[in-house]
Amino acid sequence: MKIASWNVNSLKVRLPQLTQWLADAQPDIVALQETKLEDAKFPAAELAAAGYRAVFSGQKTYNGVAILARDALGDFADVVTDIPGLDDPQRRILAASVGGLRVVDLYVVNGKAVGDEKYAYKLHWLERVREFLAREIERHPHLVVLGDFNIAPDDRDVYDPVAWGEDILCSPPERAALKAITDLGMHDSFRLFESDGSHYSWWDYRQAAFRRNMGLRIDLILLGDALKPAAVAAAIDREPRRWERPSDHTPVTVQLDIR
C-alpha cells in the first residue's frame, strides 16, 4: 500500500497536476492540504473519474484538507473534521478509517513568527492535536498521521540551520510540540530509511529556491508502532515541483507491506 501527503496550495489551480500525479505514482491513499475550496466546489467527480473516493473538509480561500482513497479500499468510516474540545473554524484536520488504516490528515498552523499571537495559537493547537491523537492511537493501532506540519523536525531538515536559527518552523517549542506527538508512539517514516540531510519537501517560490535546493522538510508521514514494521520504503517525489505552475510543496510517500 502506497500512502502519500501533498500540500497542493489550491486544489482548483493544481487539479491537473494532482490527476497527472495520481496516474503516474499510483498511490492508494493521499492526504491533501490547503485545498482552499468550499465543500460544494470540491472536484469529487473529477477524482472519481481518476479512480479515487474522497472525503474533505474545506473553506473558501484558506486551509482545507482532504483524503483520497482508491475505490477498491471501500468507503470511509468514522470521519472526524474537528478537534474535540477546540472551537476552531479553520479547516485543518480530517480523520477517517479506510483500507484497514486510521488516517489523520493535518494542516498545522504556520504561526507567522515566534512571539506572534498566531505562534501561541499554533502551540495551543498542537497540544489539542496531541491529546486527540493520544486517544486515536488507543482506538486505532494502525494509525497514520500525515500532512503539512509546518515544523522542520531537526537541523537536517533545514537547508541553512544557522540562517534559520530558532525562527518560525524551527523554534524549540515547535519542535518540542512535534516530539510530544511522536513520543505517543509515532515514527517519522522518512527517517526510517534516510538519515542524511538535504532532503526537503517545501521550497519558497522566491530566490530560485527549488533550483538551489534551499528548502525545508516539513511534510511528514508518521506511523504508529504497529505499522512501523510494515514500512518498506519512503520517499520525497521532487518531480511535481518541476512542473508548470507547481505547488511550493511536493508529495511525500511511504510504502507499507500489510499482510
Salt-bridge test for [X] and [Y]: reply yes if a basic N is under 4.0 Å from a carboxylate O, no otherwise.
X: Asp88; Y: Arg128; value: no
X: Arg206; Y: Asp204; value: yes
X: Lys2; Y: Asp28; value: no
X: Asp183; Y: Arg130; value: no
X: Arg242; Y: Glu239; value: yes

Between [Y] and [X], is there a side-chain heavy-atom distance shorter than 4.5 Å?
X: Ile67; Y: Ile29; result: yes
X: Ser189; Y: Leu222; result: no
X: Leu32; Y: Leu18; result: yes
X: Val109; Y: Tyr119; result: no
X: Leu223; Y: Val144; result: yes
X: Leu22; Y: Leu47; result: yes
X: Gln33; Y: Asp105; result: yes
X: Ile151; Y: Leu169; result: no

Worksheet item: Going through the distances and angles, do Leu101 and Leu227 end up as a side chain to side chain contact (heavy atoms under 4.5 Å, CB included)?
Response: CA-CA 9 Å; Leu101 302 177; Leu227 287 176; 4.0 Å; yes

Discussion item. Please determine whether salt bridge (Lys or Arg N to Asp or Glu O under 4.0 Å) holds for the pair Arg156 and Asp154, giving the CA-CA distance in whole Å, both sets of side-chain angles, and the decisive distance to 0.1 Å.
Written reply: CA-CA 6 Å; Arg156 293 175 296 174; Asp154 62 50; 2.8 Å; yes

Worksheet entry | Among Tyr200, Trp202, Trp203, Tyr159, the one residue meeting ring pair (Phe, Tyr, Trp, His ring centres under 6.0 Å) with Phe210 |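 Filter result, single survivor: Trp203.
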
Item to complete: Might you confirm whether atom CZ of Phe193 has over 12 heavy atoms from other residues, nucleotides or ligands at distances under 6.0 Å?
Response: yes

Worksheet item: How about Glu117: does its CD atom have over 12 heavy atoms from other parts shown lying under 6.0 Å from it?
Response: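 Open: at most 12 neighbouring heavy atoms sit under 6.0 Å from CD of Glu117.
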
Point-to-point distance, once rounded to the nearest 0.5 Å, from [atom1] of [X] to [atom2] of [Y]:
X: Leu37; Y: Thr61; atom1: CG; atom2: OG1; value: 9.5 Å
X: Leu133; Y: Leu184; atom1: CG; atom2: CG; value: 6.5 Å
X: Leu11; Y: Glu34; atom1: CG; atom2: CD; value: 11.5 Å
X: Leu106; Y: Asn150; atom1: CG; atom2: CG; value: 11.0 Å
X: Tyr121; Y: Leu126; atom1: OH; atom2: CG; value: 10.0 Å
X: Ile218; Y: Glu174; atom1: CD1; atom2: CD; value: 10.5 Å

Any donor-acceptor N/O pair, [X] side chain to [Y] backbone, under 3.5 Å:
X: Gln59; Y: Arg91; answer: yes
X: Thr250; Y: Asp237; answer: yes
X: Ser171; Y: Ile168; answer: no
X: Tyr52; Y: Val30; answer: no
X: Glu38; Y: Ala40; answer: no
X: Gln17; Y: Glu244; answer: yes
X: Asp155; Y: Pro161; answer: no
X: Ser97; Y: Asp78; answer: no

Discussion item. Quick check: is Val65 connected to Val252 through a chain of hydrophobic side chains (ILVMFWY, heavy atoms under 4.5 Å apart)?
Written reply: yes

Practice prompt. Spell out, yes or no, whether Ile236 and Val254 are grouped together once hydrophobic residues are joined by side-chain heavy atoms under 4.5 Å, including indirect joins.
Written response: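 Ile236 and Val254: one cluster.
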
Discussion item. Looking only at the side chains, is there a donor atom on one of Asn7 and Arg14 sitting less than 3.5 Å from an acceptor on the other?
Written reply: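 The answer is no; no qualifying pair exists.
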
Worksheet item: Do His249 and Asn9 have side-chain atoms, one donor and one acceptor, less than 3.5 Å apart?
Response: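 There is no such pair (donor and acceptor under 3.5 Å, judged by atom type) between the side chains of His249 and Asn9.
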
Discussion item. Please report whether the ring centroid of Trp243 lies less than 6.0 Å from that of Trp21.
Written reply: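 Ring-ring flag for Trp21/Trp243: false, centres at least 6.0 Å apart.
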
Discussion item. Ring-plane angle category for Phe42 and Phe56, please: parallel below 30°, perpendicular beyond 60°, tilted otherwise.
Written reply: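 The arrangement is parallel - the two ring planes meet at less than 30°.
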
Item to complete: Could you check Arg175, Arg191, His199 and say which one makes a side chain to side chain donor-acceptor pair (under 3.5 Å) with Asp157?
Response: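 The option that passes is Arg191.
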
